[in-house]
Every structure is written in C-alpha cells, then in structure tokens.
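Encoded as structure tokens, the structure appears first; notes follow it.
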Amino acid sequence: MRYWLLKSEPAEFSIDDLALAPRHATAWFGVRNYQARNFMRDEMQVGDQAFFYHSSCTIPGIVGIVEISQSAYPDATQFDRNSKYFDPKATRARPRWFNVEVKLTKKTRLISLSELRAQNSLSKMRLLARGNRLSITPVTAAEWKFILQLMKKPEGAL
DNA sequence: GCCAACGTTGGC
DNA sequence: GCCAACGTTGGC
C-alpha cells in the first residue's frame, strides 16, 4: 500500500465536484506528463491512499483524502477529438495516456501550502521540492502520518 | 500578469 | 544525441 498526492485545479475539478460525483468517484483523466502517467500505470494499486490537493487557486493546499478505487486503464479523452486532452498520436492499439479512478474518503480542513512548508518534518516532501511541477507525487508513510496528525489540529494562522 | 523551473519538440 | 526554442505549470 502506497501513498500519493494528486493535484487538481479546483476551477477544473474540485474536492466538492468529487463529493457530488456518482459514488463519490471519478476517473483521474487528463494527465499528460510521462512521469505522472508512469506512477498511475506502473505503481498505483487499488487501496492506495492519496491527498487531494487544490492548485492554481487562492489558497493552494490539501483539502481531502481519496483512495485509488480502480487501477490504470487507457484515458478515454486521448481519443476524443472534441476534448482538450485529445492526443493525435495516441491510438486504441497503442494508447499513450492512462488514468486510475479515485474515490473520496473524506474532505479535510485545508492544509495550505504555506502550512506544509512550515513543517520541518516535511522538508523533504516531493511536493515541496524546488521547481516541482508534477501533478502526481509519492508521499512517504512518515509524511502521510504526520499530515494526518496535522489535520487534527485547528486551522493555523499561516 | 509575471516568471522560474521544468518538459517537450524538432532540426541538425 | 544535442540543444535551442517553445510550451506549461503554478505560486506569487
């Protein structure tokens, strides 16, 4: 069982959108980065846990917990000419992009990026690494545990 | 809107 | 395979 962090722009798809989705589940489609794809295709397993992170918004940060509910299969939007995720180089025989499915476990209080950065225990977290832009990053068991504890504390002044 | 950092593309 | 040019991400 592994831990992850999944970024989404709330203007595109927010934690509330997930809460409103049928079965509180969705395909994590639209990932067009090879490293992130490889994490989904090669490493994610049903039952893995992930933080849901809001990016490119007023206060970026972790807003919930999800579980991987289905392992990777070809992302349908790569074949859809009307989708902004259409990839002319992808074919059904040789799909290029994959997605897992995630299911909402719970919404949490907002753990902002600045609050995460203020934690010495998280100084090595991949999300916080200089120049990191990956939309899917691994989270260590220690980091996961620490952030779960953080969530129990009241929302800080940061 | 700016811009640092990183990823991708394509000519050679 | 190199690398310049270009595109994207995402915090600020």
Side-chain angles (χ1 to χ4, degrees), chain A residues 2-21 26-44 48-66 68 72-102 104-105 107-140 142-144 146-148 150-151 153-158:
Chain A
R2 297 191 55 176
Y3 302 102
W4 307 93
L5 182 140
L6 307 178
K7 288 187 199 171
S8 183
E9 299 185 17
E12 293 291 322
F13 189 82
S14 71
I15 190 88
D16 290 316
D17 293 325
L18 180 56
L20 289 170
T26 186
W28 203 255
F29 63 88
V31 171
R32 295 294 181 269
N33 169 281
Y34 289 105
Q35 246 187 301
R37 178 204 68 181
N38 293 348
F39 282 142
M40 285 198 284
R41 189 191 60 187
D42 305 334
E43 301 192 36
M44 281 190 188
D48 282 6
Q49 306 281 112
F51 291 126
F52 192 117
Y53 179 95
H54 279 173
S55 66
S56 295
C57 55
T58 310
I59 306 180
I62 293 169
V63 291
I65 294 173
V66 299
I68 307 307
Y73 57 90
D75 178 336
T77 61
Q78 70 192 303
F79 309 122
D80 178 1
R81 291 190 169 277
N82 297 317
S83 170
K84 67 172 175 177
Y85 299 116
F86 176 66
D87 184 345
K89 292 180 180 169
T91 64
R92 303 238 173 221
R94 296 205 101 199
R96 180 177 290 196
W97 307 110
F98 291 77
N99 61 245
V100 296
E101 281 182 6
V102 304
L104 181 65
T105 302
K107 291 172 64 174
T108 65
R109 79 171 176 87
L110 170 67
I111 315 286
S112 69
L113 178 60
S114 59
E115 184 174 356
L116 292 169
R117 285 200 190 283
Q119 312 303 320
N120 284 329
S121 313
L122 301 178
S123 59
K124 299 277 173 57
M125 198 175 175
R126 183 79 174 268
L127 169 76
L128 307 179
R130 171 189 167 82
N132 171 65
R133 295 185 317 179
L134 258 190
S135 66
I136 297 178
T137 49
V139 172
T140 68
E143 290 160 354
W144 181 269
F146 184 85
I147 291 169
L148 288 192
L150 254 192
M151 285 170 169
K153 298 181 182 174
E155 203 139 344
L158 279 170

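Letters A, B, ... are given to chains in the order of the sequence lines, protein chains preceding strands, and every chain is numbered from 1.
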Output yes when [X] and [Y] qualify as a salt bridge under the 4.0 Å nitrogen-oxygen rule, no when they do not.
X      : Y     : value
A:K107 : A:D16 : yes
A:E12  : A:K84 : yes
A:R96  : A:D87 : yes

Practice task
Respond yes when some side-chain nitrogen or oxygen of A:Y53 is under 4.0 Å from OP1 or OP2 of C:dT9, and no when none is.
Solution key: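 Checking C:dT9 against A:Y53, no side-chain N or O comes under 4.0 Å of OP1 or OP2.
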Handout entry: Candidates B:dG10, C:dG11, C:dG10 - which lies nearest the side chain of A:K7
Key =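 Side chain of A:K7 sits closest to C:dG10.
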Handout entry: Closest nucleotide among B:dA5, B:dG7, C:dG10 to the A:R130 side chain
Key =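 The listed nucleotide nearest to A:R130's side chain is B:dA5.
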Give the table of side-chain donor-acceptor pairs shorter than 3.5 Å for residues 49-58 of chain A, with sequence neighbours excluded, one pair per line with atom names and distance.
{"residue": "A:H54", "atom": "NE2", "partner": "A:I15", "partner atom": "N", "Å": "3.1"}

Practice task
By nearest nucleotide on DNA chain B, pick out whichever of A:Q35 and A:K89 is the more 5' one.
Solution key: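 Upstream on the strand: A:Q35.
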Whole Å only: how far is the [atom1] atom of [X] from the [atom2] atom of [N]?
X      : N      : atom1 : atom2 : answer
A:L6   : C:dT9  : CG    : P     : 16 Å
A:Y85  : C:dT8  : OH    : P     : 12 Å
A:E9   : C:dG10 : CD    : P     : 7 Å
A:L113 : C:dC12 : CG    : C1'   : 11 Å
A:I62  : C:dG10 : CD1   : P     : 15 Å
A:Y34  : B:dT9  : OH    : P     : 6 Å
A:I59  : C:dG11 : CD1   : P     : 12 Å
A:N132 : C:dT8  : CG    : P     : 19 Å

Exercise for the section: Check the side chains of A:T77 and A:D75 for a donor-acceptor pair under 3.5 angstrom, ignoring hydrogens and angles. Expected result: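 A pair is found: one side chain offers a donor N or O, the other an acceptor, under 3.5 Å apart.
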Which pairs would a plain distance check flag for residues 122-135 of chain A, meaning a side-chain donor or acceptor within less than 3.5 Å of a matching protein atom at least two apart in sequence or in another chain?
{"residue": "A:S123", "atom": "OG", "partner": "A:N120", "partner atom": "O", "Å": "3.1"}
{"residue": "A:N132", "atom": "OD1", "partner": "A:L134", "partner atom": "N", "Å": "3.2"}
{"residue": "A:N132", "atom": "ND2", "partner": "A:L127", "partner atom": "O", "Å": "3.4"}

Practice task
Could you tell me how the ring of A:W144 sits relative to the ring of A:Y3: parallel (under 30°), tilted (30 to 60°) or perpendicular (over 60°)?
Solution key: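 Taking A:Y3 first and then A:W144, their aromatic rings lie parallel (interplane angle under 30°).
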Problem - Difference in axis direction between the ends of the helix from B:dG1-C:dC12 to B:dC12-C:dG1, five pairs, 10° - result: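 If I round to tens, the end axes sit 10° apart.
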